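Everything quoted here is computed from the prediction, not taken from an experiment. Lettering follows sequence order; numbering is per chain, from 1. Atom set for the values below is all heavy atoms of this structure, side chains included, hydrogens, waters and symmetry mates excluded.
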Protein chains: 2
Amino acid sequence: MSRSIINLRSAIHLKEGWTLKIGELSKATGASIRSIRYYEKQGLITPARTESGYREYHKFAVEQVNTIRLYLKLGLSTEQIAGFLQCVLMNKEAFCNEVLPVYRQKLKEIDEQIQTLVRIRSNLEDRIQSILSEQTDNESMEGTNDEH
Amino acid sequence: MSRSIINLRSAIHLKEGWTLKIGELSKATGASIRSIRYYEKQGLITPARTESGYREYHKFAVEQVNTIRLYLKLGLSTEQIAGFLQCVLMNKEAFCNEVLPVYRQKLKEIDEQIQTLVRIRSNLEDRIQSILSEQTDNESMEGTNDEH
DNA sequence: ATTGACTCTGACATTAATGTCACGGTCTAT
DNA sequence: ATAGACCGTGACATTAATGTCAGAGTCAAT
């Protein structure tokens, strides 16, 4: 395994953490190559290209793709996400004003869901408790099956 | 428009708020009839049937469908939602003992999800904040008077 | 120069949720 | 009894995100 000076790419990598190829980005994020290309077609991410046409991502792309995936899991569409990214990357207030209500709406929905889940949670807890106390109540008796 | 004693259905409705037909449920929730039937096929909601085969929903179904739609908008699948609804709605404690471990598991999952949501929430909040602060930064020039 | 791993594009498939249409049955006011 | 507004099922279409496959080019190590 002669390791000569040849591995330029790795060297550059280590030196600056400069660019990623799509496969590396995929592994770094868990997103499939297919999906990353799809995000690009949707305008969510725009890699440079090498002479030969390979996509070239800078390291921020990892964070970017992770964010995209998080929002997708949250039920946002690529279209909506595109708005966010525009808003964050460029300083155009016009975009931001457009996009802000979407954020706020989503926030409201999330709050609602958290509330619901908390309610469900305590509901479940109650039920478990009542099962347990019933059990200890009837521990020595048998099969008295009542219902309210 | 002679309004006689005949409108039994309405009468019953007013008396007890008893049942809804699918069209009424649809209007009450904003979900399409198609979607409601889909939710049923996925096991998320199980209406009674009249003699003639019409679906008959009790009024809680409105809340139910609203919850389903909220979760869907948040990126949960009908399959995931099904689990929750079973826990909350299946209040028949006939098979509680068998179900207790399931409850506990569910509780754990719910806790996990709440945590995730809280994290996402603060992520969104940060982003909104950063938009706002950028805006107020640029606000110092220009007597732009916006606000809701 | 050849091989193997990687990339490119493009096409077709799939899954989930929903829309839409067609055809037929039900209910109710006239 | 008939019209009109519902409802039932079933089939096909569509959208978004992703999977998968095919044919061809690139790159790095031998």
Side-chain angles (χ1 to χ4, degrees), chain A residues 1-13 19-45 47-57 61 65 67-83, chain B residues 1-13 19-57 61 65 67-82:
Chain A
M1 17 174 77
S2 62
R3 252 184 190 249
S4 45
I5 337 89
I6 306 191
N7 201 334
L8 284 187
R9 188 173 153 65
S10 293
I12 294 180
H13 250 206
T19 67
L20 300 184
K21 284 185 297 179
I22 195 168
E24 300 166 321
L25 181 58
S26 169
K27 260 162 205 160
T29 60
S32 71
I33 292 181
R34 175 68 172 82
S35 292
I36 295 176
R37 293 205 265 243
Y38 176 69
Y39 301 155
E40 177 180 348
K41 181 166 265 178
Q42 300 311 112
L44 299 193
I45 190 172
R49 294 292 183 128
T50 71
E51 274 301 319
S52 58
Y54 281 22
R55 290 173 177 82
E56 226 175 9
Y57 299 91
V65 169
T67 302
I68 291 170
R69 297 188 80 208
L70 176 67
Y71 285 156
L72 282 176
K73 264 204 295 193
L74 238 181
L76 292 166
S77 69
T78 51
E79 205 180 350
Q80 293 175 303
I81 297 172
Chain B
M1 19 169 84
S2 60
R3 256 184 186 253
S4 44
I5 337 91
I6 305 188
N7 200 334
L8 283 188
R9 190 173 149 66
S10 293
I12 294 179
H13 251 207
T19 68
L20 300 183
K21 283 184 298 180
I22 195 168
E24 300 166 320
L25 180 58
S26 169
K27 259 163 207 161
T29 60
S32 72
I33 292 180
R34 175 69 172 81
S35 293
I36 295 176
R37 293 203 265 243
Y38 176 69
Y39 302 154
E40 176 179 347
K41 180 166 269 181
Q42 300 311 112
L44 301 191
I45 190 172
T46 312
R49 296 290 185 131
T50 70
E51 274 301 318
S52 58
Y54 281 24
R55 289 173 178 81
E56 226 174 11
Y57 299 91
V65 169
T67 301
I68 291 170
R69 297 190 78 210
L70 176 69
Y71 286 177
L72 283 176
K73 265 203 295 192
L74 279 167
L76 293 169
S77 69
T78 51
E79 205 180 348
Q80 293 174 302
I81 298 171

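Atom CD of E79(A) and atom P of dT15(D) are 13 Å apart (whole Å). I68(B) has its CD1 atom 11 Å from the P atom of dA17(C), to the nearest Å. Taking atom NZ on K73(A) and atom P on dA16(D), their separation rounds to 22 Å, with Å as the unit.
With sequence neighbours left out, the side-chain hydrogen bond (donor to acceptor under 3.5 Å, both in side chains) criterion links K73(B) to E109(A). Under the side chain to side chain contact (heavy atoms under 4.5 Å, CB included) criterion, K27(A) pairs with no residue, sequence neighbours left out.
Neither OP1 nor OP2 of dT18(D) sits under 4.0 Å from any side-chain N or O of S32(A). For dC27(D), one of the phosphate oxygens OP1 or OP2 lies less than 4.0 angstrom from a side-chain nitrogen or oxygen of S52(A). Within the structure, every side-chain polar atom (N or O) of T78(B) is placed at least 4.0 Å from both OP1 and OP2 of dA16(C). Contact check, R55(A) against dT7(C): no side-chain N or O comes under 4.0 Å of OP1 or OP2.
For DNA chain D, the residues of residues 33-41 of chain A within the heavy-atom distance limit of 4.0 Å (strictly under) are R34(A), S35(A), Y38(A), Y39(A), sorted by number.
Nearest nucleotide to the I22(A) side chain, out of dT26(C), dA17(D), dC8(C): dC8(C).
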Could you pull out all donor-acceptor pairs under 3.5 Å where a side-chain atom in residues 41-50 of chain B meets a protein atom, sequence neighbours excluded?
from   : atom 1 : to     : atom 2 : distance (Å)
R49(B) : NH1    : G53(B) : O      : 2.8
R49(B) : NH2    : E40(B) : OE2    : 3.4
T50(B) : OG1    : S52(B) : N      : 3.2
T50(B) : OG1    : S52(B) : OG     : 3.0
T50(B) : OG1    : G53(B) : N      : 3.3
T50(B) : OG1    : Y54(B) : N      : 3.1

What donor-acceptor contacts under 3.5 angstrom involve side-chain atoms of residues 28-39 of chain B, with partners at least two apart or in another chain?
from   : atom 1 : to     : atom 2 : distance (Å)
T29(B) : OG1    : L25(B) : O      : 2.9
T29(B) : OG1    : S26(B) : O      : 3.4
T29(B) : OG1    : A31(B) : N      : 3.2
S32(B) : OG     : S35(B) : N      : 3.0
S32(B) : OG     : S35(B) : OG     : 3.0

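The shortest heavy-atom contact between T19(A) and E24(A) is O-OE1, 4.2 Å.
Within 4.0 Å (heavy atoms only), R69(A) reaches no atom of the nucleic acid at all.
I81(A) pairs in a side chain to side chain contact (heavy atoms under 4.5 Å, CB included) with only one of the listed residues (T67(A), I68(A), L70(A)), which is I68(A).
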